[in-house]
Amino acid sequence: MQFDIELIQEVYASYAEKVEKSRQLLGRPMTLTEKILYAHLYNNEYPHKPFIRGIDYVNFSPDRVAMQDATAQMALLQFMIAGKDKVAVPSSVHCDHLIQADIDASNDIKKALVSNQEVYDFLKDVSNKYGIGFWKPGAGIIHQVVLENYAFPGGMMVGTDSHTPNAGGLGMIAIGVGGADAVDVMTGIPWELKMPKIIGVKLTGELNGWASPKDVILKLAGILTVKGGTNAIIEYFGEGAKNLSATGKATICNMGAEVGATTSLFAYDESMARYLKATGREQIAEMANKLSDYLEADKEVIDNPEKYYDRIIEINLSELEPYINGPFTPDAAHPISEFGRIVKENGYPQTMEVGLIGSCTNSSYQDLSRAASVARQASKKHLKAKAEFRINPGSEQVRYTAERDGLISNFESIGGIVMTNACGPCIGQWKRHTDDNQRANSIVTSFNRNFAKRADGNPNTHAFVASPEIVTALTIAGNLCFNPLTDTLINENGESVKLDMPEGEELPVKGFDVKDPGYIAPDKGLSSSDIIINPNSKRLQKLSPFAPFNPLNFERMPLLIKTSGKCTTDHISMAGPWLRFRGHLENISDNLLMGAVNAFNGKTNEVFNQLTNEYDTVSGTAKSYKMHGISSIVVAEENYGEGSSREHAALEPRFLGVKAVLCKSFARIHETNLKKQGMLALTFVNKDDYNKIKEKDILSVKGLESFAPDKNLTIEIIHPDGSLESFEASHTYNNLQIEWFKAGSALNYLANKK
């Protein structure tokens with residue numbers, strides 16, 4: 001199918017002119033990132049001088065919006081109160097997050113259709129009413145479906161999922177956002193983003209042997225760490241980039257979210273043209289070919305990258321070996337030649353219990369074909385998988401084609417079970433069958449994240465991330481210390497055998513095929529029927545506007561929790577079984593910060609309630625304060641809100657009366673989400689001031705009567721003994737964001753301007 005042809009024609013018709021105008025404004029050659037960003041300025045409003053990277057906020061007009069079913073609920077509930085008859089840009093909803101992986105594809109999809117019927121019906125009806133494309137449960141994982149159908153070189157999109165950058169594999173600036181940001185784009189108002197810095201990653205050489213595109217980003221994660229890409233776009237270039245497939249490029253861009261990058265992208269090249277043609281989009285490839293000079297960085301940039309990028313990193317693909325990252329954080333990068341030693345030195349459980357391949361990061365046809373080649377040769381060499389083996393294809397098109405070409409039977413021949421075309425274990429939707437959900441164990445996945453508890457709820461599951469082919473090899477061995485590049489295995493006949501290097505097809509030789517891709521187009525006339533939400537529903541709840549700013553709410557706030565160590569959006573608002581409440585703010589708020597570690601007792605979901613002088617859950621304590629009209633505050637360490645784009649991590653504390661979050665640093669998406677919901681997001685000017693805050697403290701924010709950009713606020717602490725301390729806190733609010741704050745939320749501000 002070819003979607004958005006008229007839109008893409010419109011974008012391309014003026015693209016060259018906009019780039020030339022931007023080049024004149026900058027007075028120098030341009031990176032690809034700059035070309036796309038400046039070509040998407042809101043209402044073509046060019047500034048008098050170039051925007052300053054990392055400082056200036058800029059208004060953009062993205063071309064489209066994509067939403068997965070878990071985040072789409074809240075995004076569409078917000079859109080419904082925006083007063084619009086139709087979305088302003090092409091938009092789509094993808095039902096991929098709510099399907100729990102349990103038995104197999106057939107059984108799991110049947111169960112999901114029953115258990116999630118209310119939510120699916122709501123999403124389908126809202127999509128039909130407002131002109132949004134709807135992808136049914138089982139159609140595929142949002143980012144693979146977007147890559148196959150919507151992504152196009154030089155375009156710009158936002159998506160309510162942090163791995164939206166997957167579309168960078170087709171040369172698109174695709175940015176993960178919260179639902180409120182998506183509402184901005186769907187209503188047609190300016191979408192604001194701080195002009196990002198640009199990290200240039202030069203790729204040389206060519207992958208060989210067991211090395212794969214996944215290993216590029218696994219290595220880069222070790223270089224940049226989980227926050228090294230914050231407020232930056234990663235732009236890949238060099239001859240090595242041209243040697244990668246489009247889906248390989250997408251894998252690299254997808255996992256750029258794990259280093260905090262705003263997004264990642266590659267320049268348009270022949271591999272992208274091949275993929276566009278293979279997925280039925282010849283017309284788009286032809287249009288892109290005519291603009292190819294504008295869909296890549298200028299030659300002067302490539303020749304002298306240090307003059308145009310804020311940082312340069314070089315990776316030689318010819319020398320790259322497979323990586324295995326983890327556990328508990330995706331930036332713990334280990335080349336496979338050292339991994340066995342690291343496992344033993346750190347006492348990680350050496351037995352590998354489950355191998356999981358798929359997810360939005362690695363579920364393309366090429367991914368499955370390379371992994372299947374390992375399974376196929378293992379079967380011929382009389383080897384079976386010693387660990388449990390689960391496979392999640394990326395889309396129905398990929399699954400159907402893979403089954404036709406025998407890849408599915410290759411997996412099944414060594415004991416693999418194919419699950420639904422959905423996220424499943426990657427986002428905690430996995431009913432893992434185990435006798436002890438607290439037992440230390442190891443799993444290896446081709447996913448993107450490996451935070452504690454994320455996959456199966458077990459804090460002692462050591463989850464490692466690798467390429468699909470390495471996952472398959474380790475699954476066959478059942479041993480983390482097995483290195484398929486050098487080691488042998490004993491087969492069923494007692495023989496010592498060695499696995500050969502994986503092989504695979506970039507694209508299916510016979511072409512892609514599918515009977516039912518799972519797409520439902522909205523009625524052209526649009527539905528006039530009202531969207532009815534049962535007031536007694538446990539899954540869906542209409543939203544009420546948050547109260548506007550009241551300075552008294554920021555006085556004498558008890559500390560709700562001071563978190564210690566990593567505090568991701570998974571810690572703030574867990575997924576897994578809680579996904580079913582994503583459309584019901586009151587119910588899902590019961591999971592508030594339940595995974596965060598209390599700095600004072602080292603426990604999770606146990607904080608001191610200053611009203612009762614007893615310990616309670618975080619949400620229970622917050623509700624207690626709210627019931628008595630008392631605001632509260634959260635204090636945290638570095639990169640607070642790392643991970644998913646889920647705005648529930650901002651909505652829940654807002655709903656339960658938390659007025660401010662004070663931390664050492666924020667992850668980009670989460671900081672924006674807090675601002676959108678009228679929260680006060682502050683950072684320590686002196687990070688050591690974190691240590692001044694004690695468990696029973698009362699905190700006040702001073703200076704809000706003159707809240708202004710670049711003007712620090714003061715935090716005043718009252719300790720239990722009555723002594724006072726104070727220190728400065730900084731913020732990144734601009735004038736518009738301060739107006740959101742004063743109105744109570746960005747949506748309130750928008751409603752007030754009508």
Practice problem: Answer yes if the side chains of E148 and T279 hold a donor-acceptor pair under 3.5 Å, and no otherwise. | Solution: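 Absent: no donor and acceptor within the cut-off.
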Practice problem: Tell me yes or no: between the side chains of Q541 and E586, is some donor less than 3.5 Å from an acceptor? | Solution: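 Short answer, yes.
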Self-check item: F741 ring center near F549 ring center (under 6.0 Å)
Solution: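 Yes.
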Quiz prompt | Validation row, ring centre F3 to ring centre Y519 under 6.0 Å | solution =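 Ring centres of Y519 and F3 closer than 6.0 Å.
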Quiz prompt | R281 charged N/C atom sitting above F152 aromatic ring, 6.0 Å / 45° | solution =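 Output no; distance or angle outside limits.
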Quiz item: Just checking, K675 and Y733: is the charged tip under 6.0 Å from the six-membered ring centre and within 45° of the axis?
Solution: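 Yes, K675 and Y733 form such a contact.
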Using side-chain heavy atoms (C-beta onward) and a distance below 4.5 Å, is [X] in contact with [Y]?
{"X": "L147", "Y": "N166", "result": "yes"}
{"X": "F134", "Y": "S92", "result": "no"}
{"X": "Q144", "Y": "S395", "result": "yes"}
{"X": "H584", "Y": "L540", "result": "no"}
{"X": "V226", "Y": "E258", "result": "no"}
{"X": "L123", "Y": "L76", "result": "yes"}
{"X": "L674", "Y": "E671", "result": "no"}
{"X": "E192", "Y": "Q737", "result": "yes"}

Between [atom1] on residue [X] and [atom2] on residue [Y], distance to nearest 0.5 Å:
{"X": "M186", "Y": "Q78", "atom1": "CE", "atom2": "CD", "answer": "8.5 Å"}
{"X": "I357", "Y": "L368", "atom1": "CD1", "atom2": "CG", "answer": "6.0 Å"}
{"X": "I630", "Y": "N553", "atom1": "CD1", "atom2": "CG", "answer": "11.5 Å"}
{"X": "I588", "Y": "L651", "atom1": "CD1", "atom2": "CG", "answer": "9.5 Å"}
{"X": "M594", "Y": "T604", "atom1": "CE", "atom2": "OG1", "answer": "7.5 Å"}
{"X": "S127", "Y": "H94", "atom1": "OG", "atom2": "NE2", "answer": "9.5 Å"}

Taking [X] for its side chain and [Y] for its backbone only, find out whether a donor-acceptor pair lies under 3.5 Å.
{"X": "T461", "Y": "A463", "result": "no"}
{"X": "D63", "Y": "V11", "result": "no"}
{"X": "D108", "Y": "T420", "result": "no"}
{"X": "N421", "Y": "A139", "result": "no"}
{"X": "N254", "Y": "T251", "result": "no"}
{"X": "E647", "Y": "A180", "result": "yes"}
{"X": "Q677", "Y": "M679", "result": "no"}
{"X": "N587", "Y": "F581", "result": "no"}
{"X": "E396", "Y": "G518", "result": "no"}
{"X": "T71", "Y": "T160", "result": "yes"}

Self-check item: Trace of the side chain to side chain contact (heavy atoms under 4.5 Å, CB included) decision for L356 with I443
Solution: CA-CA 8 Å; L356 301 154; I443 66 174; 4.2 Å; yes
Is the closest basic N to carboxylate O distance between [X] and [Y] below 4.0 Å?
{"X": "K431", "Y": "D456", "result": "no"}
{"X": "E642", "Y": "K566", "result": "yes"}
{"X": "D69", "Y": "R582", "result": "no"}
{"X": "D590", "Y": "K623", "result": "yes"}

Quiz item: Step by step, would you call D367 with S364 a side chain to side chain donor-acceptor pair (under 3.5 Å)?
Solution: CA-CA 5 Å; D367 287 325; S364 66; 3.0 Å; yes
Nearest heavy-atom neighbours spanning [X] and [Y]:
{"X": "S645", "Y": "N673", "result": "O-ND2, 3.0 Å"}
{"X": "A151", "Y": "L170", "result": "O-CD1, 3.7 Å"}
{"X": "G178", "Y": "I669", "result": "N-CG2, 4.3 Å"}
{"X": "N448", "Y": "C426", "result": "OD1-SG, 3.9 Å"}
{"X": "I533", "Y": "F122", "result": "CD1-CE1, 4.0 Å"}
{"X": "V185", "Y": "P62", "result": "CG2-CG, 3.9 Å"}

Quiz item: With under 30° as parallel and over 60° as perpendicular, where do the rings of W191 and F60 fit, or are they tilted in between?
Solution: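 If you compare the ring of W191 with that of F60, the planes turn out tilted.
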Quiz prompt | Plane angle bin for H571 and F451 - parallel if under 30°, tilted between 30 and 60°, otherwise perpendicular | solution =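 Tilted, since the angle between the ring planes falls between 30° and 60°.
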Quiz item: How far apart are the C-alpha atoms of D102 and H433, what are their side-chain angles, what is the distance that settles it, and do they pass the side chain to side chain donor-acceptor pair (under 3.5 Å) test?
Solution: CA-CA 8 Å; D102 182 10; H433 300 276; 2.7 Å; yes
Self-check item: Steps toward salt bridge (charged side-chain N to carboxylate O under 4.0 Å, His left out) verdict (D570, R646)
Solution: CA-CA 9 Å; D570 279 71; R646 69 190 66 156; 3.7 Å; yes
Practice problem: Take N128 and D125, measure what side chain to side chain donor-acceptor pair (under 3.5 Å) needs, and give me the verdict at the end. | Solution: CA-CA 5 Å; N128 192 50; D125 291 346; over 6 Å; no
Exercise. Report the C-alpha separation of R64 and D4 in whole Å, then their side-chain angles, then the decisive distance to 0.1 Å, and conclude whether the salt bridge (charged side-chain N to carboxylate O under 4.0 Å, His left out) test is met.
Key: CA-CA 9 Å; R64 72 162 16 260; D4 303 341; 2.9 Å; yes
Self-check item: side chain to side chain donor-acceptor pair (under 3.5 Å) assessment of R449 paired with S162
Solution: CA-CA 11 Å; R449 294 197 176 124; S162 56; 2.8 Å; yes
Exercise. Check each of M574, H670, H648 against T569 using the side chain to side chain contact (heavy atoms under 4.5 Å, CB included) test, and report the only one that passes.
Key: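 Considering M574, H670, H648, a side chain to side chain contact (heavy atoms under 4.5 Å, CB included) with T569 is found only for H670.
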Quiz item: Of the options S631, S619, P653, S632, which is the one that meets L560 in a side chain to side chain contact (heavy atoms under 4.5 Å, CB included)?
Solution: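 For L560, the side chain to side chain contact (heavy atoms under 4.5 Å, CB included) test succeeds with only one of S631, S619, P653, S632, which is S632.
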Self-check item: Working for side chain to side chain contact (heavy atoms under 4.5 Å, CB included), residues K742 and I738
Solution: CA-CA 6 Å; K742 290 178 178 178; I738 290 173; 3.7 Å; yes
Self-check item: Audit row: V158, D181, side chain to side chain contact (heavy atoms under 4.5 Å, CB included) steps and yes/no
Solution: CA-CA 8 Å; V158 299; D181 282 72; over 6 Å; no
Self-check item: Steps toward side chain to side chain contact (heavy atoms under 4.5 Å, CB included) verdict (E652, N591)
Solution: CA-CA 9 Å; E652 291 176 36; N591 77 3; 2.5 Å; yes
